[in-house]
Amino acid sequence: MANLTKLEDIVSLCKRRGFIFQSSEIYGGLASCYDYGPLGSELKRNVRNAWWKSAVQMRDDVVGLDCSIFMHPLVWKASGHADKFADIVTVCKKCNVRSRVDHLVEHAEQHTEHVPVETALKDAKDLSKKKCPACGAVGQFTEPMPFRLMFETQMGANVEDSMTIFLRPETAQGIFVNFRNVLDTTRVKLPFGIAQIGKSFRNEVTTKAFIFRTREFEQAEIEFFCAPGTDEKWFEHWKEFRFKWYTELGMKKENLRMREHEKDELAHYAKGCVDVEYKFPFGSGDWQELEGIANRTDFDLRQHQRGMRTLNSWYEKKGDLSKIELNSESEEYQKGPLSYFDEETKQRFIPYVIEPSAGIDRSCLAFLVDAYDEDEVNGEKRGLLRFHPALAPVKAAIFPLVKKDGLPEIAANMYDDLKKYFSCFYDEKGAVGRRYRRQDEAGTPYCITVDGQTKEDQTVTIRERDSMKQERINLSQVKQYLREKLDM
Ligand code: GAP
């Protein structure tokens, strides 16, 4: 078994086979932004679909949502992002490079995501012995200061009505602000979840490791609402459910683990949090976060009730968030507009929330790294991606053995039929062995070859990627065969 142990190998495979390219490459690239190519966009769509199928389609207690990236600015005041979503940074006086303070302290690599501002400030006390990661200068740092991670932009065509808004740093808040809408328009009853997949944006100080940490990325989040007191049980449920999602899609168990957050790592809203971590082989071979599962209590819905009470002041201060204090909570907050009425107990309360929050791009990277393997065929190295069929960008490749004797016509007919059901690829160029290798490296589970015998007995060979075993089956059975094998 071989692995992609160097980041350069992963980047090179992704580029060579059209999985992932640097954004704006012909202009020299844009740092930390990436584009998914023909194979990569299929992989990413399959990861998204597999998540949606498991989180929404197959569950009776989760519904979907797709909300806008731009949201009312007060959303971010209420959620805490406007004031607290910052990294504490320092600038090297020698080379001017900005670094996250928590990335300068020992063991920092464990804490890959944003640590609470208070914790980062505590860690920032003594930088006199810390080394600049860019130029190596020791103790040459400016005073640590907060650096806001949300991107700002202007909305509105006229100067008078233009206002500063933010690109969302998480998809979660779109779910909280639609809680009432979903309650009022569907028949959901507690406990239930709302799921969303979409782009999020963070002006990360340290971007890292290809698509692992970028400034524009895609999240897949569920906010699962439940009665207070049942939250611990649901937290356990989601930990197990989400861990299984990765292993059922073929990720090796030995490369996955759960890590509970230390108290000083917990975000301001969380009562408890675990990360699903993957042992990425690059860098120092560290375990890194794939997904966070948090118990957010009733924090967000209560905060948005306060946000709703602050709207008048927002108008008075002409939308200047820096001048606005969030209004205090009503004493009757349990009966507020974002409360839930339980028909059975006849009680009204603010639900608790369990949030599994995954990254689509980060999952793609982990699935790619985990699926990569090398073996030897007839003394030659074979590189392959052992993708689970649900994730494989192409499900079946169809080849005529040679480009004559009517074989291309039979193969092309079969391709035209199969592509209605599966994503397929037709290839008639070059030696068939080389065509197999190309598909192995793209992770295609099945290759179907039309040869001379096909004309005699209507059979074709189907070759399986991992075992390379070939069997002959009747042309008319190919669709059914693939349906069963691919479970589609
Ligand atoms: N709503 C909670 C939340 O956003 P998070 O731990 O900040 O929590 C959840 O993000 C997941 O989103 C992470 O586990 C990761 O997979 C993904 N993610 C976060 N920041 C990212 C970035 N800069 N680049 C790529 N993925 C990121």
Side-chain angles (χ1 to χ4, degrees), residues 20 23 31-34 36 44 47-48 51 65 67 69 71 75-76 79-81 84-87 100 102-103 110-117 147 149-151 166-177 193-224 238-239 242-243 245-246 251 256-261 265-278 280 287-297 299-300 303 353-367:
I20 299 163
S23 158
S32 108
C33 295
Y34 294 93
Y36 287 76
K44 191 174 179 185
V47 170
R48 258 190 229 122
W51 186 90
L65 185 75
C67 67
I69 287 169
M71 299 178 73
V75 167
W76 308 114
S79 70
H81 286 83
K84 292 198 169 185
F85 196 56
D87 280 336
R100 265 170 70 172
D102 63 312
H103 279 185
Q110 269 242 312
H111 301 202
T112 53
E113 294 318 313
H114 308 287
V115 290
V117 171
F147 179 81
L149 293 166
M150 284 196 297
F151 284 101
F166 304 94
L167 271 71
R168 67 178 176 203
E170 61 172 20
T171 57
Q173 297 306 323
I175 297 178
F176 292 121
V177 304
I194 307 178
Q196 166 159 237
I197 299 180
K199 290 255 182 167
S200 294
F201 305 83
R202 298 179 188 178
N203 196 7
E204 300 280 5
V205 180
T206 324
T207 52
K208 197 172 125 178
F210 198 33
I211 55 168
F212 181 84
R213 181 153 351 108
T214 51
R215 297 196 170 106
E216 172 182 344
F217 54 96
E218 209 163 303
Q219 288 187 307
E221 301 196 283
I222 304 162
E223 306 304 324
F224 193 81
W238 281 105
K239 272 159 58 177
R242 289 298 307 146
F243 194 87
W245 182 76
Y246 294 99
M251 213 177 265
L256 276 174
R257 74 169 188 192
M258 287 275 203
R259 187 181 70 83
E260 202 151 321
H261 276 213
E265 266 183 278
L266 286 178
H268 57 278
Y269 51 74
K271 172 174 161 190
C273 188
V274 294
D275 285 344
V276 180
E277 294 189 329
Y278 183 77
F280 281 100
W287 291 95
Q288 309 266 11
E289 173 182 336
L290 265 189
E291 164 163 358
I293 302 163
N295 182 343
R296 294 180 78 121
T297 68
F299 176 82
D300 301 270
Q303 285 296 104
V353 172
I354 307 301
E355 176 197 67
S357 171
I360 295 289
D361 309 85
R362 216 172 265 189
S363 296
C364 284
L365 183 62
F367 281 121

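Remember, it's 1-based here, ligands and their atoms both numbered in the order they're listed.
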Phe299: partners by ring-ring contact (aromatic ring centres under 6.0 Å, His included), with sequence neighbours left out: His268

Shortest non-hydrogen contact from Glu218 toward Asp361: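 So the minimum-distance heavy-atom pair works out to N-OD1, 2.6 Å.
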
Using a 3.5 Å cut-off on N or O atoms only, is [X] in polar contact with ligand 1?
X: Thr214; result: yes
X: Glu355; result: yes
X: Gly359; result: yes
X: Pro169; result: no

Atom indices of ligand 1, in the order listed, that fall short of 4.0 Å to a heavy atom of Phe212: 24 (N), 25 (C), 26 (N)

Per-atom contacts of ligand 1 with Arg296, taking only distances under 4.0 Å to non-hydrogen atoms: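 In order of numbering, the contacting atoms are 1 (N), 2 (C).
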
Proximal candidate to atom 5 (P) of ligand 1 [heavy atom criterion; set Arg202, Glu221, Glu170]: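 The nearest heavy atom belongs to Arg202.
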
Option with minimal heavy-atom separation from atom 13 (C) of ligand 1, where the choices are Glu291, Glu289, Gln219: Glu289

Ser79 and Gln173 side chains, donor-acceptor separation under 3.5 Å: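 Judged by distance alone, the side chains do not pair up.
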
Min heavy-atom dist Asp361 to ligand 1 below 4.0 Å: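 False for this residue.
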
Glu223 touching ligand 1 at heavy-atom level, < 4.0 angstrom: no

Listed partners of Thr171 passing side-chain hydrogen bond (donor to acceptor under 3.5 Å, both in side chains), at least two apart: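 Thr171 satisfies side-chain hydrogen bond (donor to acceptor under 3.5 Å, both in side chains) with Glu221 only.
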
Exam field: side chain Arg202 to backbone Arg215, donor-acceptor pair closer than 3.5 Å: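 Pair absent, no side-chain N/O of Arg202 close to backbone of Arg215.
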
Check: Asp275 side chain, Arg259 main-chain N or O, donor-acceptor pair, under 3.5 Å: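 Flag not set: sc Asp275 to bb Arg259 has no pair under 3.5 Å.
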
Evaluation steps, side-chain contact (heavy atoms from CB on, under 4.5 Å), between Leu365 and Phe280: CA-CA 9 Å; Leu365 183 62; Phe280 281 100; 3.8 Å; yes

Within 45° cone and under 6.0 Å: Arg48 NZ/CZ vs Trp51 ring: no

Structural part of Leu290 in contact with ligand 1, heavy atom criterion under 4.0 angstrom: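 Answer for Leu290: backbone.
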
